[in-house]
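Read the numbers this way: they start at 1 and go in the same order the structure lists the ligands and their atoms.
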Amino acid sequence: MVPKERIDALLAEYDRDDIVIATLTSHSSLQIFHGARKLGFKTMGMTVNHDTRYYDAFPLGKPDEILRFQDFDEMFARAPELVDKNVVLIPHGSFVEYMGAKRFQNLEIPVYGNRSVLQWESDRDMERQWITSAGVAMPKMIDDAREIDQPVLVKYHGAKGGRGFFVAKDYAEFKMGIDHTQPYTIQEYVLGTRYYLHFFYSPLSTDGYHAHEGSLEMLSIDRRDESNIDEMYKLGSQEDMKRHGLFPSFVVTGNVPVVIRESLLPKAFDMAEKIIKRSYEMFGGIWGPFCLESIVTDKLEFKVFEISSRIVAGTNPFISGSPYADMIHPGMSTGARLAMEIRKAADEDRLPEILS
Ligand code: ATP
């Protein structure tokens, strides 16, 4: 990983009045550019073999400049050129995924957020250690498949967007579905409603809801549309489907805005606060946008099955605000909130506190 001192040295040469906000042209880039433009930043799209014409359809989300690279090796090698332009990178799920977490960590360009978090969330065991030691409930793990006595979800390590995951209700179903060539974990299938809670933690501010040494905001909540599980019920029972060779999958295809009942908010904030506090104890903290991917049971208990420690695509329905963000800064998206934070840090000469 690039040493923090190296990034701080690069930042010392940055013109704080001429920062360019850049990201990979995918995922939540429209929202990031739209938010950055609102705050008066210049914007840059970075692209590798991606059709970027769709930006023409959305002038307010179109980056000022698009830089094209043959591949991620070239992007990596041209880091000095980006540093010369005062670029601050905003990581999103596809950026880290396509570039590869390792290479992303070694990229010599200031990045918003803490790069150390990458290894904590990309390893399911380390992520579990972080969440559970924070005192936040997760779905139970089942160590031995022969002990399956309730519905479980079998998750392959490194599966993207739940591809290949499958549900089993007993050992026989497990045996029928398992691919032993891939590492996997077996997890209690939590029956309940899914909420993907989008928070923003600012270490630069103490307004509003005070958490750790800064302030915690809830900006929005979404639920993911997942194919084909969401529509499978229309064809009858899953057992029946399996006989026809049709298995449920969890591939994300879109996002829908939701709100949770108000009485769940204290629990949601409590979980987020604990996770932030623990992250500072374990690896120097998470700040900025993060998402707790959760299921609420009929006992009104949250179980968190994953954390995303950066902007998630589930914030995209809220480019012009959300029922929650509108009570903080009307019309503010997560992309705009990121830009506000960078603007504040630049104005107060505190960029090293939020870039790594
Ligand atoms: P991504 O990295 O895109 O978030 P992933 O491959 O890490 O996906 P998860 O987010 O862990 O996969 O899970 C994918 C989907 O499976 C969830 O969105 C949810 O619908 C479902 N899911 C995950 N864990 C559970 C669980 N324990 N009980 C019930 N459903 C679950």
Side-chain angles (χ1 to χ4, degrees), residues 26-28 91-101 104 117-132 136-143 145 148-169 173-174 177 179 182-199 221-233 238 247-258 271 275 286 289-299 301-316:
S26 184
H27 191 269
S28 45
H92 55 59
S94 302
F95 202 160
V96 176
E97 175 68 37
Y98 299 159
M99 179 157 223
F104 193 86
V117 71
L118 277 169
Q119 70 199 89
W120 285 86
E121 56 167 11
S122 57
D123 178 314
R124 287 194 197 276
D125 295 331
M126 286 169 78
E127 184 183 61
R128 177 167 283 269
Q129 197 189 331
W130 169 20
I131 301 174
T132 53
V136 170
M138 288 193 77
K140 252 189 345 215
M141 294 275 287
I142 287 98
D143 294 328
I148 297 174
D149 58 359
Q150 64 179 113
V152 295
L153 189 61
V154 182
K155 298 184 171 189
Y156 293 108
H157 294 198
K160 298 304 158 227
R163 199 174 281 278
F165 286 12
F166 71 98
V167 180
K169 292 191 221 59
E173 282 191 8
F174 169 83
D179 169 4
Q182 302 185 53
Y184 60 87
T185 48
I186 309 172
Q187 205 173 81
E188 158 198 17
Y189 188 94
V190 182
L191 194 54
T193 37
R194 292 171 295 122
Y195 296 103
Y196 301 75
L197 311 164
H198 315 143
F199 289 98
I221 307 175
D222 82 298
R223 176 172 303 142
R224 292 180 181 166
D225 269 343
E226 293 175 331
S227 179
N228 56 23
I229 182 88
D230 290 351
E231 297 295 323
M232 206 156 202
Y233 70 97
Q238 283 189 11
F247 294 87
S249 56
F250 298 80
V251 178
V252 182
T253 53
N255 304 85
V256 211
V258 285
M271 292 190 306
I275 279 170
I286 47 164
F290 67 99
C291 174
L292 299 186
E293 304 182 8
S294 71
I295 300 173
V296 179
T297 67
D298 58 1
K299 296 193 174 56
E301 285 164 354
F302 279 96
K303 299 241 172 128
V304 171
F305 57 88
E306 181 151 310
I307 299 183
S308 291
S309 311
R310 61 193 61 77
I311 186 168
V312 288
T315 58
N316 286 338

Exercise. Which residues satisfy the side-chain contact (heavy atoms from CB on, under 4.5 Å) test with S227, sequence neighbours excluded?
Worked result: T253
Exercise. Do you see a donor-acceptor pair shorter than 3.5 Å between the side chains of K155 and Q187?
Worked result: yes
For this session: Look at ligand 1 and say whether I295 reaches it with a heavy atom at a distance under 4.0 Å.
Result: yes
For this session: Considering only NZ, NE, NH1 and NH2 on the basic side and carboxylate oxygens on the acidic side, decide whether R194 and D230 come within less than 4.0 Å.
Result: yes
Exercise. What atoms of ligand 1 come within less than 4.0 Å of a heavy atom belonging to E306?
Worked result: 1 (P), 2 (O), 4 (O), 7 (O), 9 (P), 10 (O), 11 (O)
Problem set entry | Interfacing atoms of ligand 1 (cut-off 4.0 Å, heavy-atom, R194) | 19 (C), 20 (O)
Exercise. Who gets closest to atom 10 (O) of ligand 1 by heavy atom: E293, Q187, E188?
Worked result: E293
Exercise. Are side-chain N/O atoms of D179 and Q182 paired as donor and acceptor at under 3.5 Å?
Worked result: yes
Seminar exercise, completed: Quick note on ligand 1: atoms under 4.0 Å from a heavy atom of P139 include exactly 27 (N)
Exercise. Does ligand 1 have any atom that is closer than 4.0 Å to a heavy atom of R124?
Worked result: yes
Exercise. So, R310 and E121, do they make that salt bridge, N to O below 4.0 Å?
Worked result: yes
For this session: Pick, from Y196, F165, F250, the option with the minimum heavy-atom distance to atom 12 (O) of ligand 1.
Result: F165
Exercise. Taking both backbone and side-chain atoms of Y189, is any N or O found less than 3.5 Å from an N or O belonging to ligand 1?
Worked result: no
For this session: Calculate, to the nearest 0.5 Å, the distance between atoms CE and CD belonging to M232 and E226 respectively.
Result: 13.5 Å
